[in-house]
Amino acid sequence: MKRIIHFLSCIVVVFGIVAGVVAKTPVATYAASAYVQPYSDMIGQGGYIYYIRTSEKNGSAVIWRTKVANGETSKVVSEPGGIIKMVACGQQLYYTTANDDSKWEVRTCQLNGDERQTVCEGCVCDADSENIYYIRYGTGSRASLYAKDRDTGKRTAIKTVKAGQTLDYVCSIGDESYYYVYDKKADRLALYSLHTATQKMSRVAAEKRAAEGTSGLLVSDVRQINGALYYDFGSYEGSGSFWNGTIRKLTAAGKKQTVAKLVSDDQIIAGSRELYFKNAKGNDYKYNLKTGKKTKYSLRFENGISYTVLGDKTYMADTSNKKKIVISRFTSGTDRETLTENFISIPFKQKAGISYAVSIKQVGIYNMICVTGRDFTDQEYGWRGKLVSIDWYITDGAGTLLSSFR
């Protein structure tokens with residue numbers, strides 16, 4: 001349920017025709033106007049990658065899965081009301097969809113899609129071996145967080161907020177789950193920690209707006225590093241929903257420190273020694289986790305080159321070759337030191353007149369490489385360009401291309 005409003009605003013982007021194929025990988029046939037967006041949930045479970053494909057035409061969605069070993073792709077479950085969140089626990093998937101009355105519902109099914117049923121009204125946040133955690137929205141904009149026992153169905157109320165306040169889930173780390181509450185009238189938010197073993201929730205930090213902005217405040221990410229808690233809070237601004245955030249550090253002693261302001265990354269990117277972020281001007285910085293020293297470093301701008309920082313390694317994707325995408329990698333926070341050229345090579349035939357960009361995220365032990373194609377000559381879509389393709393490729397940690405999907 002994280003960043004639902006931002007998620008739903010992105011669904012309205014117009015899609016086109018898919019391009020790009022790994023020749024030896026079987027690929028299922030999908031509707032031309034349905035894509036797996038980079039921001040949507042992905043899960044690695046039992047040798048499969050689970051993902052959500054949403055239709056631009058009517059908002060319907062399907063959960064698919066691809067078997068990493070052979071690229072076999074199959075449909076798990078489809079929902080005409082769309083899907084905005086997906087979590088897995090054991091042999092079950094839990095997800096949120098809208099019912100016929102346009103109300104959010106939590107539904108579940110087995111990993112292969114069997115035994116689909118409705119669990120409760122609300123939006124799923126997380127699930128563990130004992131409980132499902134979800135937020136239910138009531139009258140007058142009230143919202144309540146509940147835990148529901150997976151075996152008995154018993155519901156336990158954890159926290160309720162009043163009208164004019166927003167309650168939302170951020171993430172889970174071990175036995176701790178993190179939520180925030182935003183008070184619109186006061187323009188302030190509070191970060192809360194829920195200890196799932198005891199069902200006790202406590203306030204971790206309180207914040208007011210740290211930079212100019214017009215949208216409601218939220219916490220986009222939380223990380224626990226070396227006994228300290230780091231969190232990124234701010235808002236999505238403008239027609240492009242660009243992140244305008246501040247990263248704070250909360251020491252084990254409870255001392256609050258500012259790591260960075262005006263950051264454009266809504267996720268906290270940390271390696272073994274440093275934390276990495278980009279500011280609104282596009283400048284790159286590294287923050288030493290031990291000393292707290294910030295240092296500006298350079299990622300050279302080149303046409304057709306895009307960078308993704310994933311902890312200690314930065315991946316550099318080159319789309320200049322019209323028949324393949326070449327991804328090299330090097331030590332993060334440096335100007336291509338310890339460069340491994342051609343770490344990943346993907347056969348990909350580009351279409352004339354289309355601009356391609358590459359991003360990478362990690363799902364379990366796999367690298368998920370997203371290749372997005374846009375037509376910037378179509379004036380109807382403005383500066384965003386017309387989306388014409390999204391292709392996904394799966395590699396292992398050694399850079400070996402395993403399979404793909406669209």
Side-chain angles (χ1 to χ4, degrees), residues 1-7 39 41-43 84-89 94 96 106 122-137 143-148 156-161 165-183 188-210 216-236 243 245-260 263 265-270 275 277 289 361-362:
M1 194 182 58
K2 181 179 177 182
R3 302 193 293 279
I4 286 179
I5 295 175
H6 178 61
F7 182 96
Y39 51 77
D41 289 326
M42 284 188 183
I43 297 170
I84 62 170
K85 178 66 179 177
M86 173 180 64
V87 298
C89 185
Y94 297 92
T96 301
V106 179
C123 295
V124 67
C125 301
D126 196 16
D128 58 30
S129 59
E130 296 183 358
N131 295 292
I132 307 158
Y133 299 88
Y134 65 97
I135 294 175
R136 184 172 180 176
Y137 299 94
S144 298
L145 171 64
Y146 292 97
K148 186 169 184 177
T156 302
I158 297 174
K159 187 172 183 60
T160 297
V161 298
Q165 295 182 329
T166 300
L167 169 65
D168 207 350
Y169 169 75
V170 184
C171 66
S172 294
I173 306 172
D175 290 335
E176 299 288 330
S177 294
Y178 292 91
Y179 296 80
Y180 72 86
V181 174
Y182 170 65
D183 189 302
R188 296 179 67 93
L189 66 76
L191 176 65
Y192 288 85
S193 171
L194 171 66
H195 189 62
T196 54
T198 63
Q199 303 296 313
K200 300 296 184 182
M201 178 175 270
S202 58
R203 193 172 78 169
V204 175
E207 295 288 355
K208 61 181 180 180
R209 192 174 296 278
L217 293 173
L218 59 92
V219 178
S220 63
D221 199 13
V222 175
R223 293 286 300 272
Q224 294 176 358
I225 306 172
N226 299 332
L229 188 74
Y230 293 79
Y231 58 95
D232 191 352
F233 77 97
S235 56
Y236 293 99
W243 180 247
T246 297
I247 300 177
R248 296 265 206 245
K249 174 184 177 181
L250 193 65
T251 67
K255 183 180 180 181
K256 187 190 297 184
Q257 300 172 353
T258 300
V259 174
V263 298
D265 304 291
D266 63 1
Q267 291 185 317
I268 296 173
I269 306 167
L275 182 151
F277 63 91
L289 293 167
K361 65 180 181 179
Q362 292 177 318

So does [Y] get a backbone contact from the side chain of [X], meaning a donor-acceptor N/O pair under 3.5 Å?
X	Y	value
K256	A206	yes
D232	D221	no
D128	E130	yes
T96	C123	no
T196	D175	yes

Kindly give the heavy-atom pair with the smallest separation between [X] and [Y], and that separation in Å.
X	Y	answer
V263	T246	CG2-N, 4.1 Å
K85	C125	CE-O, 3.7 Å
S144	Y146	CB-CE1, 3.5 Å
R223	I173	CA-CD1, 4.1 Å
S172	D126	OG-OD2, 2.6 Å
C171	V222	SG-O, 3.7 Å

Does K159 make a cation-pi contact with Y179 (under 6.0 Å, within 45 degrees of the axis)?
-> no

Side chains of R248 and V259: closer than 4.5 Å at any heavy-atom pair?
-> no

Taking the side chain as every heavy atom from C-beta outward, state whether H195 and S202 have any atom pair closer than 4.5 Å.
-> no

Got a sec, which residues hit side chain to side chain donor-acceptor pair (under 3.5 Å) with Q224, two or more places apart in sequence or on another chain?
-> Y178

Pair E207-Y180, side-chain donor/acceptor within less than 3.5 Å = no

Without hydrogens or angle criteria, can the side chains of Y182 and D168 be said to hold a donor-acceptor pair below 3.5 Å?
-> no

Output the distance between atom [atom1] ([X]) and atom [atom2] ([Y]), rounded to the nearest 0.5 Å.
X	Y	atom1	atom2	result
L275	I269	CG	CD1	8.0 Å
N226	L289	CG	CG	6.0 Å
T166	L218	OG1	CG	9.0 Å
D266	F233	CG	CZ	14.5 Å
L250	L191	CG	CG	8.5 Å

Report the residues that fulfil ring-ring contact (aromatic ring centres under 6.0 Å, His included) with Y133, sequence neighbours left out, ordered by chain and then residue number.
-> none

